[in-house]
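What follows is a set of notes on a single structure, which appears directly below.
Protein chains get the first letters and strands the later ones, always in sequence-line order, with residue 1 at the start of each.
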Number of protein chains: 2
Amino acid sequence: MSYTLSANEENIVRLVRTRGLISRADLSRETGLSKPIVSNIVSKLINEGAIIEKEIGMSSEKGGKKPILLSFASTYKYIVGVDVGGNKLIAILTDLDGNIINKVRKVTKGIKSKNALTEIIFQGIEEVITVDKAMILGVGIGVPGTTDIKTGFVYYMPAFELSDIPLGEIVSSHFGIPVMISNDVTVNALGELSKGSARNIKDLCLIAIGTGTGAGLILNGSIYSGSHNMAGEIGYMITDWNKENKSRNRTFGNYESWFSGNGLEIKVKEKLGLNLTTKEIFDNLDKSRDIKEIFLQGCEHLALGIANIITLLDPQMIILTGGVGYNQYDMILRYLMPFLEVIVPPEILKNISFSRGELGDLGVSVGGVSLIHDNYFLKM
Amino acid sequence: MSYTLSANEENIVRLVRTRGLISRADLSRETGLSKPIVSNIVSKLINEGAIIEKEIGMSSEKGGKKPILLSFASTYKYIVGVDVGGNKLIAILTDLDGNIINKVRKVTKGIKSKNALTEIIFQGIEEVITVDKAMILGVGIGVPGTTDIKTGFVYYMPAFELSDIPLGEIVSSHFGIPVMISNDVTVNALGELSKGSARNIKDLCLIAIGTGTGAGLILNGSIYSGSHNMAGEIGYMITDWNKENKSRNRTFGNYESWFSGNGLEIKVKEKLGLNLTTKEIFDNLDKSRDIKEIFLQGCEHLALGIANIITLLDPQMIILTGGVGYNQYDMILRYLMPFLEVIVPPEILKNISFSRGELGDLGVSVGGVSLIHDNYFLKM
DNA sequence: TTGTTTGTTAGTAACTTTAACTAACTAACG
DNA sequence: CGTTAGTTAGTTAAAGTTACTAACAAACAA
């Protein structure tokens, strides 16, 4: 079969899937399509394996023939999602409902060549696929850098010091399978949208705080990447413009110096002369006033950045995730909110949900799966 | 006829319109549709009056029958666009190509009641329509406030001290014509997108600087309003967070105090004790160092806000317009850019076009026309 | 005249609808 | 318990819509 469903087929698959168990008669009523054409499409979908006749239902109290209840066959195709991180690669294999069938981890730390990187990606994908390759709908990849989602071209990945790689084509032609690539944080946002804490959200800003800080945007229900694939690179935002530093050139790029793993570590080292890891910093928050002050300053700037995001974009939800944002979510939120409550008027703040990234370190790989799912199967 | 064209009809109308003069054979080639179905659709569209057989073209050098060249009949429907401002109302009547057929101005200053406002809107629309009402496709309105574009509901218009008016329904039921309503700045952005300086732009941020300051966003080619219809209310953005003022509560809302007509007037009064109009401030920029300093400070904050917008949204174009932004565009840009060049790295700044709102004070009304055009006729 | 191009006509295929049908079931009643 | 009426599920048949291909006439250059 071709994976391009017609509008009516899509509609019926979507309904069968969301309703769980539904009869042809109900499908006809819900779609407004005639009974014959529903039967027609259903038998086609059954032939393809997309849906199955699961069981016989009950007649209504008024009598009548018992309905044949249809059910979505989530395992008739599989999707691979890949999170290419600066330290590790995670590849997952899921069915069409996003259930994780297999998971593979690889070390990527220290990789600096295009060949080594593509090789490890090939390996991860190869190893994670435990089903017939013909059953794979596609591979969705999130990479730490600027990418063109339409072509799968990767412009720049600072973590690997690599530029201008047509990664989409490379992976796609190697496996003979559709491949989609986008920025990891953006993909993470998509993951939370479809399988995480942002289900049914239209306008989402996901802030990933790890070594650095970046945002992924879902606007009007779709990925927003900007005109040069740089949207959400808020590591460069400015929240500290004042008399002391306005004279120095090129201030662009100091937001993440205030609040990110790296930023906090450097500030602790500069101001206190301590060589602490991010985890140690958080562990010592309540023990050291000095560390807490640095952390509070960071929260203040984080709050300013978020306030500006709220002002400009009026999102429905803001998710904090990433290595630091996910693990230290409660701590960050506890000290972040008081600042936000001062900066943002309550009638605006109350409309915005704050949430922890539910998917944790699987956010990007799950988002990769969503990328393929939404573009090659069904946009839910 | 119904105004809902099928996908193929839309395609053909779009082609006829953009190509100017085109034959059925060419349409068939360009759309990939067969010649018969093109002839079929064309004759239907001719019947409706949407296109006409304009003239006979030339055969190619190799001979062959001369083509009948088709042309778009832009006057087969008309659209009304309305700019409801705090001081004045502008209503325009255009054909489908956006050519302005008629224009009406009304004074709205001092209006504080719902009835007075709807009455003046009714009058403006009534007076501007000089064609058969049956030829009107719809009325698109931009109002200074928060609105729901889907329902035409107006939540709050500070300029008139009015809240919670179902203006869309009110106007629509009065004239029996489709009505769409959105925020004036957003509508202005749409106007510049379709008929102004942002043609073919996908991601646009229009900054309207007048009495206050607001932004209108077009993202992924569509209006972006946010989840609570507050997107782009950058008057509340923060660019001046520092030790001096961080202690005061509720800082949210000081961006436009730095750069807007009102903001500049107030600063000049506070700091210099002068009661100058915005125009007088600009006229005296090169004569008074004190005024210039205030202006420069304003530009600095404007630049910071724009830098943050660039960081977050990576737009393709930034338009300055509005009473002040349009009239003082050159002056503002001259002093704004040096700040931006310091704040934003050149490799990023060079990708972003800055432009004056080409439509001037017709931006909102033209945008209102686009609103109807795009939603009830053709999204170009 | 020959080759080329435009636009139409005729016939066909794909998809969808309406109307009518069969199959299967509940409820009620004698 | 068997029969009948009424209801519901899903299929079949006929007809309409929308597109396509094939074939052709008209118009024109060389």
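Residue contacts for Pro36(A): at a heavy-atom cut-off of 4.0 Å it reaches a base atom on one of the strands shown. Residue contacts for Lys62(A): at a heavy-atom cut-off of 4.0 Å it reaches a base atom on one of the strands shown. In this structure, Ser39(A) reaches the bases: a heavy-atom distance under 4.0 Å links it to at least one base atom across the strands shown. Nucleic acid contact for Lys35(A): base, since at least one base atom lies under 4.0 Å from a heavy atom of the residue.
Between the CE atom of Met58(B) and the C1' atom of dT4(C) there is a distance of 15 Å, given to the nearest Å. Here dA23(C) presents its C1' atom at 11 Å from CD1 of Ile68(A), a figure rounded to the nearest Å. Distance, Glu9(A) CD to dT16(C) C1': 13 Å, rounded to whole Å. The CG-P distance, from Leu70(A) to dA9(D), rounds to 12 Å in whole Å. In this structure, Ile41(B) atom CD1 and dT17(D) atom C1' are separated by 12 Å, rounded to whole Å. Going from atom CD1 of Ile37(B) over to atom P of dA14(C) covers 16 Å, rounded to whole Å. As a whole-Å value, the separation of Glu53(B) CD from dT6(C) C1' is 12 Å. dG10(D) atom P lies 10 Å from atom CD1 of Ile46(A), rounded to whole Å.
Distance alone, capped at 3.5 Å, is enough to place a donor-acceptor pair between the Asp314(A) side chain and the His228(B) backbone. A donor-acceptor contact shorter than 3.5 Å is absent between the side chain of Asp83(A) and the backbone of Val364(A). With Gln316(A) contributing its side chain and Ile201(A) its backbone, the two residues share no donor-acceptor pair below 3.5 Å.
Residues Lys44(A) and Ser60(A) each lie close to DNA chain C; by heavy-atom proximity, the contact nearer the 5' end of the strand is made by Lys44(A).
The base of dG7(C) lies outside donor-acceptor range of the side chain of Lys65(B), with no N or O pair under 3.5 Å.
For Phe122(A), the ring pair (Phe, Tyr, Trp, His ring centres under 6.0 Å) partners at least two apart in sequence or on another chain are His174(A), Phe175(A).
The side chain of Pro67(A) has dA9(D) as its nearest neighbour among dT6(C), dC28(D), dA9(D).
Checked for salt-bridge contact, Glu55(B) and Lys66(B) miss the test: no charged N lies under 4.0 Å from a carboxylate O.
Side-chain contact check for Ile79(B) versus Ile136(B): every heavy-atom pair is 4.5 Å or farther apart.
Looking at residues 12-34 of chain B, you'll see Ser23(B), Arg24(B), Ala25(B), Arg29(B) sit with a heavy atom under 4.0 Å from some atom of DNA chain C.
Within the 4.0 Å cut-off from OP1 or OP2 of dT16(C), at least one side-chain nitrogen or oxygen of Asn8(A) is found. For Asn40(A) and dC15(C), the shortest distance from a side-chain N or O to OP1 or OP2 is not below 4.0 Å.
There is no side-chain donor-acceptor pair under 3.5 Å between Thr94(A) and Asn99(A).
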